[in-house]
Structure formats: C-alpha cells, structure tokens
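We use all heavy atoms of the structure for the numbers below, so side chains are in, but hydrogens, waters and symmetry mates are not. Here the structure is a predicted model, which means the values were calculated and not measured.
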Amino acid sequence: MATLGFLLAGCGGNNTPPIPIFAMNGNFSISATSSGTTGVNIFNGGIQTDSAGRVTGTVHVQGSLLFCFGVPLDLPLSGTIDSAGHLNATITGSSSQTITVNAKTSPDGSTLSDGSYSGNGTGCASGDHGSVTGFQVQAFTGTYSGSFSPSSSTNIALTLPLVQSASADSHGSFHINASNVTVTGGAACGFSSATLIPAASIASGVDMEVALLGSDNLSVMLFFGAVTDANSGVVQGQILIDSGPCSGQSAPGSLSRP
C-alpha cells in the first residue's frame with residue numbers, strides 16, 4: 001500500500017503546477033491622468049513582487065499631487081497582483097491621503113494598461129480620479145555619449161559607460177556607476193578628465209541623473225534627463241556645471257547609446 005501511495009503521488013497527485021504570477025520587478029513609471037483638475041501625475045520608482053503576488057515599492061511623484069503630499073518625497077506603494085494579472089495597489093502620502101490604483105499587468109510584468117485610480121483622505125488628493133498606464137523602464141546600462149555647449153567658447157563631449165544597479169535602494173532609486181569616463185573639451189572648466197560620483201548618480205522611473213567630479217577635484221558637472229518611453233536609449237536633458245571655473249554654465253542636450 002505504501003508503494004501504491006508513492007506511485008499515485010508520483011503520477012501527479014501532489015504535483016499541481018504553481019499559479020503564474022504577473023510580477024512587476026524593476027524601475028517603473030506610472031502615469032495617472034486626472035478626469036478632474038490635477039492633470040497628469042507621474043509616479044517613478046522601484047517596484048518588486050514576491051512569489052505570492054505581493055507588490056511593494058517606493059515611488060516619487062511629479063505633478064500637482066506633489067504639493068498635495070507635501071514633505072514626504074518617498075511614497076510607499078503596496079498591493080497585490082492576482083493570477084489573472086490584475087494589480088490592486090495603494091500609494092500613501094501625507095495627511096492620511098492615498099491613491100488607489102487598479103490596472104491590468106502584462107504577462108511579462110513590463111506594462112500596465114486599462115487602469116484607473118482614485119484619491120482618498122483629508123487632503124487635496126481626496127476625490128481625484130482618472131486613468132492609469134505604466135511601463136518598466138529599461139536599465140540605464142551601456143555606453144552613453146553626447147555633446148554640450150555651455151558657453152560660446154566651450155564644447156564638451158562626454159562618453160559614459162554606465163551600469164545601473166539591479167535593485168532599488170530604500171528610496172526607490174537605482175544607483176548608477178561608471179568607470180573610464182571620457183571628457184573632451186572640458187579642460188578650461190576643470191574637466192581634463194572626470195570621475196562619476198555614484199552617490200549622486202541615480203535612475204528613478206523615466207528620470208536619470210549623473211554627477212561628475214572634474215580632474216581639479218573642485219568642478220562638478222550634473223546631467224539631468226528623462227526618457228519618454230520604456231526604451232532608455234536616448235535621454236533628453238541638460239548639463240549644469242555646479243562648481244569650479246565655469247560654475248553656473250548650462251546647456252541642453254542628450255545622452256544616447258547605440
């Protein structure tokens with residue numbers, strides 16, 4: 001009988017396949033378009049899903065809801081994704097304000113569609129509602145290059161072999177590192193060469209920031225940019241020289257990778 005029981009178990013009695021999870025894991029950008037007066041708000045940050053479909057993360061808002069939520073820049077996100085890929089999540093802000101998000105997750109977990117949101121609580125987010133879409137932003141990893149002209153006499157070309165961290169930090173941001181940064185044309189501004197400052201170089205949703213320390217150990221150059229979709233191949237933005245002999249000079253431009 002023991003042998004028969006073993007054989008029955010081996011034939012699939014306890015081998016029920018696991019329920020598939022439509023997991024969201026990575027750097028996401030979620031757009032909430034209001035049906036009222038708050039316009040479009042973008043929630044950027046790192047989101048992860050465990051094997052039971054529990055979703056957690058930390059996001060940052062861009063848009064009018066930033067002023068509703070006030071001081072807390074790190075907004076916790078929590079919820080679930082069921083076996084059919086339906087996301088139900090809550091983003092929590094200040095003054096007991098919440099944004100509840102419901103959306104359909106793609107099988108690979110990379111996009112949100114057919115979504116809606118509603119605001120609740122005692123603050124100005126209360127009663128707001130609208131539609132939701134979202135996507136996972138590809139890692140800002142690869143060799144990015146671009147040219148900038150912060151003044152009529154200065155043309156700076158950058159080549160940055162960037163590597164984005166695999167997981168987000170406690171603020172929902174992904175750190176960026178680089179070695180062998182190449183700078184051409186920046187000697188007069190303190191950038192005969194440069195090194196990337198990892199603590200100040202991050203990605204969050206569609207946004208990417210990179211900070212470079214010049215070879216004079218005084219000059220700092222910042223690049224602020226964003227992508228418009230899931231492909232992180234072209235980052236539109238600008239550079240700002242924050243300190244050193246060219247302090248205050250800035251220029252629009254982009255960084256791109258092949």
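The shortest heavy-atom contact between S64 and N41 is N-OD1, 3.1 Å. Shortest non-hydrogen contact noted between I176 and F140 is CD1-CB, 4.3 Å. Closest approach of S34 and T37 over heavy atoms only: OG-N, 3.7 Å. Nearest heavy-atom pair across P150 and I241 is CG-CD1, 4.3 Å. The heavy-atom pair separating C68 from S94 by the smallest distance is O-OG, 3.8 Å. S254 and Q236 make their closest contact through CB-OE1, 3.6 Å (heavy atoms, listed as atom of the first residue, atom of the second, distance).
Residues L77 and F28 are not in side-chain contact: their nearest non-hydrogen atoms beyond the backbone lie 4.5 Å or more apart. Side chains of L87 and K104 form no contact here, defined as non-hydrogen atoms less than 4.5 Å apart. Side-chain contact between D82 and T80: absent, with no pair of heavy atoms (C-beta onward) separated by less than 4.5 Å. Within the 4.5 Å cutoff, side-chain heavy atoms of V235 are placed close to those of F223. No side-chain heavy atom of P76 sits under 4.5 Å from any side-chain heavy atom of T58. Within the 4.5 Å cutoff, side-chain heavy atoms of T105 are placed close to those of L112. Here the side chains of R54 and T49 are not in contact, with every heavy-atom distance at 4.5 Å or above. The side-chain heavy atoms of T90 and I99, taken from C-beta on, include no pair separated by under 4.5 Å.
Linking ILVMFWY residues whenever their side-chain heavy atoms come closer than 4.5 Å, directly or via other members, leaves F43 and V206 in distinct clusters.
Considering OH of Y117 and OG of S31, their distance stands at 11.0 Å, rounded to 0.5 Å. Atom-to-atom distance recorded for Q164:CD and N27:CG is 5.5 Å, nearest 0.5 angstrom. To the nearest 0.5 Å, atom SG of residue C246 and atom CZ of residue F191 are 8.0 Å apart. Separation of atoms OG (S29) and CD (Q62) is listed at 8.0 Å; rounding is to 0.5 Å. Going from atom CG of L75 over to atom CD1 of I91 covers 7.0 Å, rounded to the nearest 0.5 Å. Considering CG of N25 and CD1 of I47, their distance stands at 9.5 Å, rounded to 0.5 Å.
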Chi angles and distances behind the side chain to side chain contact (heavy atoms under 4.5 Å, CB included) call for F69, T92: CA-CA 9 Å; F69 290 139; T92 303; over 6 Å; no
Could you walk me through whether I30 and V132 pass the side chain to side chain contact (heavy atoms under 4.5 Å, CB included) test, one step at a time? CA-CA 7 Å; I30 300 173; V132 164; 3.7 Å; yes
Run the side chain to side chain contact (heavy atoms under 4.5 Å, CB included) test on F148 and L255 for me, step by step, so that the C-alpha distance in whole Å, both residues' side-chain angles and the decisive distance to 0.1 Å come before the verdict. CA-CA 10 Å; F148 305 86; L255 292 174; 4.1 Å; yes
Where do H175 and D169 land on the side chain to side chain contact (heavy atoms under 4.5 Å, CB included) test, with the steps shown first? CA-CA 8 Å; H175 285 269; D169 63 15; 2.9 Å; yes
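For CG of D229, the number of neighbouring non-hydrogen atoms (other residues, nucleotides, ligands) closer than 6.0 Å is greater than 12.
Checking T38 against D128 by side-chain atom types alone, a donor-acceptor pair falls below 3.5 Å. Between the side chains of T56 and Q48, a donor-acceptor pair is found at a separation under 3.5 Å. For H171 and D74, the side-chain atoms include at least one donor-acceptor pair closer than 3.5 Å. A donor and an acceptor atom, one from each side chain of R257 and S232, are located under 3.5 Å apart. Checked by atom type, the side-chain pair N102/H86 shows no donor-acceptor distance below 3.5 Å. Side-chain contact, S126 with N120: no donor N or O sits under 3.5 Å from an acceptor N or O. Under 3.5 Å, the side chains of D207 and S204 contain no donor-acceptor pair of N or O atoms.
Counting Ile, Leu, Val, Met, Phe, Trp and Tyr side chains that sit under 4.5 Å apart, directly or through other members, V40 shares a hydrophobic cluster with I42.
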Which donor-acceptor pairs under 3.5 Å do the side chains of residues 152-159 make with protein atoms, sequence neighbours left out?
from	atom 1	to	atom 2	distance (Å)
S153	OG	S151	OG	3.4
T154	OG1	S151	OG	2.9
N155	OD1	S149	OG	2.4

